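Everything below concerns the one structure shown next.
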Amino acid sequence: MTHPDSGGTQATEPTTGNSLWSAPFVGASPVVSSLTVPGSKSLTNRWLVLAALADGPCRLRAPLHSRDSRLMIQALQELGAHVQEVDGDSPFGPDLVITPIPRPFDAGSGSGDRSVDCGLAGTVMRFVPPLAALLAGSTQFDGDPHARKRPMGPVVEALQALGVTVELNGDNRDAALPFTVHGPSAGESLVGGELRIDASASSQFVSAMLLVGSQFRNGLTLVHHSPDGGGVPSMPHVDMTVETLRHVGVVVDDSQPARWVVSPGPVAAFDIRVEQDLSNAGPFLAAAVVTGGQVSVPHWPLETTQGGAHWREILPQFGAQVELVDGVFTVTGPRHVRGVDLDLSLAGELAPTVAAICTVATTPSRLRGIAHLRGHETDRLAALTTEINRLGGRATETEDGLVIEPASLHAATFFSYDDHRMATAGAVIGLVVDGIQVENVETTAKTLPQFPTMWQDLVSGSSTRTTGETA
Ligand SMILES: O=C(O)C1=C[C@@H](OP(=O)(O)O)[C@@H](O)[C@H](O)C1
Ligand SMILES: C=C(OP(=O)(O)O)C(=O)O
């Protein structure tokens, strides 16, 4: 299978020979279902990092089990933590008990050369290098071919500003994977202090530094400043980081915009239940919207920092009805899907699912505030434009988003670019456009390995897979 020329600068070039998955087509039959999804990728990987820094063993209940969480676990084990699977009550896999990285960092964690595979996980490639910078010895970082194209500069430059030696390997023109982080000499530790970074390309640069800030001798004062005045995207994810830090006793002052003060201090051991991934619930909710059906998701948190909480405001703009009653979030699709004009700067990871719905809407849509998606798993603006147009759609890339106009759609292959959210976007469109084949649907394993089976259950009406319940 050769890969199309997406025309984008960042679109990855997946290996040839990837599978083609015939997306289930329901036509005019509304999808009606109730289901829960596995644990949040963003929460799972934050809790894993904090557990590795904790002052005692920690337990994660109902964590995500996917490629991104496995890569994080392997990275933390490489740094000296221990992770054990123990029976839990989640239908999606066991709980985890984590024994933290041994202290003192400058000796106990072994000063040998370590190697971390980041895969295509933004949380691993951004959150783990600052952790490795605390430890004696050196740690090499690399990942999938496209991981080398994802922005890393602000994290590398922040570490260098803290006095950490980061040795750029390979022929990377700017600070990107692969590189090697060299920890402090024996008896030394990182002082911390005030740092200024430009996090306009990813909120993960802020989260990465905040997660370890309490481990610096003087803590960390982090200020975001962008020359063009750009803000930090996906701010709910930074709020998620601050909330998890406070949960484990770390003092964080975020009272001033774009400024965070993390006090030095311990990370208290914890036992936490991981919320389900509300962003990954998105494609299933979108199925209700595009087919005029109804999908319910029990155990929906009333208060959460997850970006997927924004489905409550987003989906009604397509004409859907939403309600949250007794923890059950229900979406009822409209007879006709209308287009939207949305600023998605708070939750860019929802954009592929939103774009899929826009593709089948009866009026034009504009999506804004998502220029930084060019640095996600692929250049999502280029990839979405290319793949929507391959189906006969009328998508146009703008400086910071997409314009998608109604069009007559036809069967075609929808390439995923090794991006889980591209694959699920193709599946959503495939519900109402007959003959869509999604290339490399297996890439959904990044955050939802069960997706193909769950999607089949969804359209067959048999998915009532909730915690401990069966069909
Ligand atoms: O911190 C996190 O867990 C994430 C932050 C966001 O990154 P960006 O700010 O780069 O969009 C989000 O899109 C990504 O899926 C997960
Ligand atoms: C951008 C995403 O992930 P990450 O940056 O964590 O790889 C995503 O899950 O949409």
Side-chain angles (χ1 to χ4, degrees), residues 10 12 37-50 64 66-69 71-72 118-128 130 143-144 146-147 149-155 177 197-211 224 226 230-245 274-275 277-283 304-308 310 344-355 369-381 383-384 400 416-425 443-448 451:
Q10 292 271 338
T12 186
V37 294
S40 158
K41 170 257 290 182
S42 293
L43 281 166
T44 297
N45 279 4
R46 277 166 176 73
W47 290 126
L48 284 168
V49 167
L50 292 174
L64 173 67
S66 76
R67 187 186 186 216
D68 274 18
S69 60
L71 286 163
M72 180 61 86
C118 302
L120 195 50
T123 50
V124 178
M125 57 194 283
R126 278 88 182 247
F127 297 178
V128 182
D144 295 355
H146 191 76
K149 298 181 182 175
R150 296 192 67 178
M152 270 306 300
V155 171
L177 289 175
I197 66 171
D198 176 357
S200 51
S202 178
S203 64
Q204 291 181 345
F205 302 145
V206 173
S207 292
M209 299 314 296
L210 299 187
L211 282 168
H224 158 74
S226 173
V232 178
S234 313
M235 271 301 291
H237 278 98
V238 176
D239 296 339
M240 178 189 286
T241 302
V242 171
E243 188 173 85
T244 54
L245 284 166
V274 179
E275 293 174 358
D277 193 311
L278 307 186
S279 295
N280 275 354
T304 179
T305 53
Q306 289 194 62
H310 290 275
L344 288 176
S345 54
L346 290 178
E349 69 179 15
L350 307 184
T353 304
V354 170
I370 47 175
H372 76 289
L373 263 60
R374 295 186 171 99
H376 275 187
E377 284 86 334
T378 187
D379 174 343
R380 284 175 164 166
L381 300 188
L384 284 165
D400 75 330
S416 67
Y417 301 75
D418 294 336
D419 181 339
H420 55 140
R421 302 198 199 279
M422 284 295 296
T424 56
T443 194
T444 51
K446 183 174 195 278
T447 59
L448 186 49
F451 177 77

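Just so you know, these numbers come straight off a predicted model, no measurement behind them. Just follow the structure's listing: the first ligand is 1, and inside any ligand the first atom is 1.
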Nearest 0.5 angstrom please: Asp400 CG to Ile370 CD1, how far?
7.5 Å
Any salt bridge linking Glu349 with Arg421? Criterion: basic side-chain nitrogen under 4.0 Å from a carboxylate oxygen.
yes
Run the salt-bridge test on Asp144 and Arg67 with the 4.0 Å N-O cut-off and return the result as yes or no.
yes
Would you kindly specify which portion of [X] sits under 4.0 Å from ligand 2, judged on non-hydrogen atoms: side chain, backbone, both or neither?
{"X": "His237", "value": "neither"}
{"X": "Leu120", "value": "backbone"}
{"X": "Arg380", "value": "side chain"}

Which ligand 2 atoms does [X] reach within 4.0 Å, using its non-hydrogen atoms?
{"X": "Gly122", "value": "4 (P), 5 (O), 6 (O), 7 (O)"}
{"X": "Lys41", "value": "2 (C), 3 (O), 4 (P), 6 (O), 8 (C), 9 (O)"}
{"X": "His376", "value": "1 (C)"}
{"X": "Thr123", "value": "6 (O)"}
{"X": "Gln204", "value": "4 (P), 5 (O), 6 (O)"}

Tell me every residue that passes ring-ring contact (aromatic ring centres under 6.0 Å, His included) with Phe451, counting only those two or more places apart in sequence or in another chain.
Phe284, Trp455
ring-ring contact (aromatic ring centres under 6.0 Å, His included) partners for His310, two or more places apart
none
Give me the residue, atom name and distance of the protein heavy atom closest to atom 5 (O) of ligand 2.
Arg150 NH2, 2.7 Å
Closest protein heavy atom (residue, atom, distance) for atom 1 (C) of ligand 2:
Glu377 OE1, 3.1 Å
Looking only at side chains, do [X] and [Y] share a donor and an acceptor under 3.5 Å apart?
{"X": "Ser200", "Y": "Asp198", "result": "yes"}
{"X": "His420", "Y": "Thr447", "result": "yes"}
{"X": "Asp419", "Y": "Thr378", "result": "no"}

Minimum heavy-atom distance between Phe127 and Gln204, given as atom pair plus value:
CE2-O, 3.8 Å
Looking only at non-hydrogen atoms, the one of Met422, Arg421, Lys446 nearest atom 7 (O) of ligand 2 is Lys446
Asp277 meets the side-chain hydrogen bond (donor to acceptor under 3.5 Å, both in side chains) criterion, sequence neighbours left out, with none
Please check whether Ala121 reaches ligand 2 - meaning an N/O of the residue sits under 3.5 Å from an N/O of the ligand, judged on distance alone.
no
Check: Ser40 and Leu278 side chains under 4.5 Å, non-hydrogen atoms
no
Table of N or O contacts for ligand 1, cutoff 3.5 Å:
unit_1   : atom_1 : unit_2 : atom_2 : d
ligand 1 : 1 (O)  : Arg46  : NH1    : 3.4
ligand 1 : 1 (O)  : Arg46  : NH2    : 2.7
ligand 1 : 3 (O)  : Ser42  : OG     : 2.6
ligand 1 : 3 (O)  : Arg46  : NH1    : 2.9
ligand 1 : 9 (O)  : Ser203 : N      : 2.8
ligand 1 : 9 (O)  : Ser203 : OG     : 2.6
ligand 1 : 9 (O)  : Ser234 : OG     : 3.1
ligand 1 : 10 (O) : Ser202 : OG     : 2.7
ligand 1 : 10 (O) : His376 : NE2    : 3.4
ligand 1 : 11 (O) : Ser234 : OG     : 2.9
ligand 1 : 11 (O) : His372 : NE2    : 2.9
ligand 1 : 11 (O) : His376 : NE2    : 2.8
ligand 1 : 15 (O) : Lys41  : NZ     : 3.1
ligand 1 : 15 (O) : Glu349 : OE1    : 2.4

For Ser279 and Leu350, run side-chain contact (heavy atoms from CB on, under 4.5 Å): C-alpha distance rounded to whole Å, both residues' side-chain angles, the deciding distance at 0.1 Å, then the answer.
CA-CA 6 Å; Ser279 295; Leu350 307 184; 3.4 Å; yes
